[in-house]
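In what follows, every heavy atom counts, from backbone to side chain, and hydrogens, waters and symmetry copies are set aside. Because the structure is a prediction, the values reported are computed rather than measured. So you know, we letter chains A, B, ... as the sequences are listed, proteins then strands, and number each from 1.
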Amino acid sequence: MTGRVIMLVDFDYFFAQVEETRNPSIRDKPVVVCVYSGRSEDSGAVSTANYIARKLGVKSGMPIALAKAKLQNVEAVFLPVDNVFYEEVSERIMALLRNSADNFEQVGIDEAYLEVSQKTKGSFESVAELAQKVKAEVKAKHNLTCSIGVGPNKLVAKIAADIQKPDGLTIIKPEQVTVVLFPLPVDRLIGVGTKTKAKMQALRINTIGDLAKYDAQRLIEVFGKNLGLYFHNASLGIDDEPVRERGEAESISRISTLKEDTRDLSAILEKVDGLCEEIHADLLRSGHSFRTVGISAVMKDMSIRSRSRSFENRSSKLEVLKEAVKELFEKLLSESDLEVRRAGVKVSGLAKDEKSQRQLTSFIE
DNA sequence: GTATGCTTTCGGC
DNA sequence: TTACGGCCGAAAGCATAC
């Protein structure tokens with residue numbers, strides 16, 4: 001029994017690259033793909049930018065006006081996001097990638113894990129060739145570059161893919177795993193966020209190597225059995241998570257920027273009722289009901305608040321959703337005295353409702 | 001002491 | 001000088017159960 005061979009394929013600066021492919025004449029300029037909020041000419045944020053723009057200081061999440069300031073001396077291209085189109089392109093590329101894998105797992109719109117243990121007969125010697133073939137195919141059929149990381153599991157493949165991009169290929173053989181991982185900062189591991197990083201720093205754990213040589217029993221005492229064990233294994237590049245197709249999303253949410261900052265409940269509801277209707281339409285389409293309703297608000301000072309409630313009995317009714325959303329915004333307003341800038345709605349705890357459950361069951365039978 | 005489940009916040013893309 | 005989206009899952013924090 002040989003080990004697994006896993007690739008992580010990550011499309012480079014995806015939205016902006018798709019725009020370059022759609023209109024090659026912009027390729028040699030900074031390209032900035034933006035979400036315009038509609039509040040004023042340039043209000044909104046940068047979704048992603050090509051590497052020419054990045055080199056000039058443009059970053060994801062940055063205000064559009066700031067990106068324009070950084071590019072004021074060059075001929076740059078600013079485009080609105082076209083999610084429907086990116087979704088279509090993504091679906092076609094994912095279908096192509098699926099063909100090159102024994103097992104396949106899409107992660108978000110621009111990433112996928114390909115288990116290629118059988119295709120490569122478990123050999124890291126032949127995987128470079130296969131990875132090059134995947135890159136060439138994506139390039140030939142979709143005129144898009146991607147970066148690929150290869151390792152003996154998902155954890156290592158993910159870290160590998162980040163090492164060289166864009167248009168990169170990084171292969172970490174099983175015997176190289178610890179040498180490559182140990183010098184990296186601990187927060188490169190999934191599961192280590194700001195708080196955990198700080199907690200680890202207090203224990204003098206800064207790199208993955210520090211984590212690996214830390215006593216496993218002590219880790220369990222500090223972080224609990226589950227997390228402690230996970231951190232210990234992850235530091236050694238050990239990960240048994242299978243590569244498998246993901247189910248449907250666990251939550252559906254919509255958020256929108258208000259015309260102006262306000263604390264007026266009816267003005268907020270006017271906007272969020274529409275969001276509820278969109279979410280409800282999605283639920284009908286997918287045949288899901290929800291158990292939890294949540295709202296979120298970005299306040300005048302850009303701080304974020306959220307409230308949520310779960311129901312004993314699940315529902316897929318629009319009125320239930322709207323009523324809960326109203327109640328939650330009342331609560332949020334009563335607990336803060338800032339004006340609201342953006343307002344959002346989320347449903348989670350999703351499950352197929354009975355009707356489509358029966359249809360699904362009879363379909364399987 | 002650890003697991004579990006819920007709510008809220010964080011962070012990547 | 002300032003400037004500020006939308007969506008998702010992960011992380012964190014807390015209460016309660018075991």
Side-chain angles (χ1 to χ4, degrees), chain A residues 10-18 32-49 54 58-72 80-83 86-87 90 106-111 158 161-162 165 187-199 220-231 246-258 261 275 278-279 282 291-312 328 331-332 335-336 341-350:
Chain A
D10 183 349
F11 309 156
D12 298 320
Y13 62 103
F14 184 53
F15 298 173
Q17 208 191 344
V18 169
V32 186
V33 178
C34 304
V35 182
Y36 291 94
S37 71
R39 208 179 236 218
S40 65
E41 172 91 11
D42 281 344
S43 84
V46 172
S47 183
T48 193
R54 289 183 197 194
V58 176
K59 290 186 163 63
S60 290
M62 168 181 281
I64 295 166
L66 179 54
K68 290 205 165 166
K70 299 218 177 251
L71 300 176
Q72 60 186 340
V81 285
D82 183 353
N83 286 111
Y86 308 146
E87 201 67 57
S90 169
Q106 181 175 342
V107 185
I109 195 169
D110 67 349
E111 269 183 46
K158 173 76 178 160
D162 274 331
K165 52 172 50 173
D187 59 358
R188 292 284 282 275
L189 298 173
I190 295 174
V192 182
T194 331
K195 301 287 176 155
T196 305
K197 188 185 185 182
K199 221 160 146 183
I220 290 169
E221 283 165 27
V222 176
F223 294 102
K225 196 175 170 184
N226 264 337
L227 263 184
L229 217 50
Y230 165 76
F231 288 145
R246 294 208 176 180
E248 290 164 275
E250 292 168 13
S251 66
I252 301 172
S253 63
R254 290 288 187 282
I255 186 165
S256 182
T257 302
L258 304 173
D261 299 353
L275 304 181
E278 284 182 34
I279 289 172
D282 276 7
R291 208 171 82 74
T292 303
V293 173
I295 58 147
S296 64
V298 177
M299 314 307 282
K300 191 186 190 66
D301 66 354
M302 302 304 279
S303 63
I304 299 168
R305 308 285 139 93
S306 65
R307 296 291 180 269
S308 69
R309 65 169 286 196
S310 296
F311 296 95
E312 194 69 36
L328 289 165
K331 181 171 165 190
L332 188 140
E335 290 168 5
S336 168
R341 178 186 178 90
R342 297 163 63 201
V345 179
K346 170 164 91 167
V347 293
S348 56
L350 304 180

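Distance NZ (Lys199(A)) to C1' (dG13(C)): 10 Å, rounded to an integer number of Å. When rounded to the nearest whole Å, the span between CZ of Arg307(A) and C1' of dC6(B) equals 14 Å. Here the C1' atom of nucleotide dT2(B) and the NZ atom of Lys225(A) are 9 Å apart, to the nearest Å. One atom, NZ of Lys68(A), and another, P of dA3(C), lie 17 Å apart when rounded to the nearest Å. What separates CZ of Phe231(A) from C1' of dA12(C) is a distance of 11 Å, to the nearest Å. Distance Phe223(A) CZ to dG13(C) C1': 15 Å, rounded to the nearest Å. Atom CD in Gln72(A) sits roughly 17 Å away from atom P in dA3(C) (whole-Å rounding). Between the CZ atom of Arg305(A) and the C1' atom of dC10(B) there is a distance of 14 Å, given to the nearest Å.
Checked against dC13(B), dT2(B), dG5(C), the side chain of Lys158(A) finds its nearest nucleotide in dC13(B). Considering only side-chain atoms of Thr257(A), the nucleotide from dT8(B), dG6(C), dC4(C) that sits closest is dG6(C).
By the salt bridge (Lys or Arg N to Asp or Glu O under 4.0 Å) test, Glu278(A) pairs with Arg254(A), sequence neighbours left out. Arg307(A) is linked by a salt bridge (Lys or Arg N to Asp or Glu O under 4.0 Å) to Glu335(A), counting only residues two or more places apart in sequence or in another chain. Applying the side chain to side chain donor-acceptor pair (under 3.5 Å) criterion to Lys70(A), with sequence neighbours excluded, gives no partner residue. In this view, Phe223(A) and Phe231(A) satisfy the ring pair (Phe, Tyr, Trp, His ring centres under 6.0 Å) rule, not counting sequence neighbours. The side chain to side chain donor-acceptor pair (under 3.5 Å) search around Ser253(A) returns none, not counting sequence neighbours. When the ring pair (Phe, Tyr, Trp, His ring centres under 6.0 Å) test is applied to Tyr86(A), the partners found at least two apart in sequence or on another chain are Phe15(A). The salt bridge (Lys or Arg N to Asp or Glu O under 4.0 Å) search around Arg188(A) returns none, not counting sequence neighbours. Residues meeting the side-chain contact (heavy atoms from CB on, under 4.5 Å) test with Val222(A), sequence neighbours left out: Lys199(A), Leu203(A), Arg218(A). Shown here are the side chain to side chain donor-acceptor pair (under 3.5 Å) partners of Arg309(A), two or more places apart in sequence or in another chain: Glu327(A).
Within residues 58-66 of chain A, the residues approaching DNA chain C are Gly61(A), Pro63(A), Ala65(A), Leu66(A), by heavy-atom distance under 4.0 Å.
Counting non-hydrogen atoms under 4.0 angstrom, Asp110(A) reaches the backbone sugars and phosphates but no base. Note on Gly44(A): only backbone sugar-phosphate atoms sit closer than 4.0 angstrom, heavy atoms only; bases stay farther off.
Evaluation of atom-type donor-acceptor distances gives a pair under 3.5 Å for the side chain of Ser47(A) against the base of dG5(C).
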Protein-nucleotides 14-18 of chain C N/O pairs closer than 3.5 Å?
none

Could you list the protein-to-nucleotides 7-11 of chain C atom pairs, N/O on both sides, closer than 3.5 Å?
residue: dC7(C); atom: OP2; partner: Ile255(A); partner atom: N; Å: 2.5
residue: dC7(C); atom: OP2; partner: Ile255(A); partner atom: O; Å: 3.3
residue: dC8(C); atom: OP2; partner: Ser253(A); partner atom: N; Å: 2.6
residue: dC8(C); atom: OP2; partner: Ser253(A); partner atom: O; Å: 3.4
residue: dC8(C); atom: OP2; partner: Ser253(A); partner atom: OG; Å: 2.5
residue: dG9(C); atom: OP2; partner: Ser251(A); partner atom: OG; Å: 3.3
residue: dA11(C); atom: OP1; partner: Gly191(A); partner atom: N; Å: 2.0

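The pair Arg342(A)-Asp261(A) does not count as a salt bridge, with every side-chain nitrogen at least 4.0 angstrom from each carboxylate oxygen. The pair Arg291(A)-Glu312(A) fails the salt-bridge criterion, with no side-chain N (NZ, NE, NH1 or NH2) lying under 4.0 Å from an Asp/Glu carboxylate O. Look at Asp12(A) and Lys165(A) and you find no salt bridge, because none of the NZ, NE, NH1 or NH2 atoms lies under 4.0 Å from a carboxylate O.
The P atoms of dC13(B) and dC4(C) are separated by 24 Å, rounded to the nearest whole Å.
Ser310(A) has no side-chain polar atom (N or O) that falls below the 4.0 Å cut-off from OP1 or OP2 of dC6(B). In this model, the phosphate group of dC13(B) is not approached by any side-chain N or O of Thr48(A) to a distance below 4.0 Å at OP1 or OP2. Between Ser296(A) and dT9(B) there is no side-chain N or O to OP1 or OP2 distance below 4.0 Å.
Using modelled atom types and a 3.5 Å distance limit, the side chains of Ser310(A) and Thr292(A) yield a donor-acceptor pair.
DNA chain B is contacted by both Arg291(A) and Ile220(A); Ile220(A) maps to the nucleotide lying nearer its 5′ end (nearest heavy atom per residue). Residue Arg309(A) is the one, among Lys165(A) and Arg309(A), whose nearest nucleotide of DNA chain B lies closer to the 5' end (criterion: closest heavy atom).
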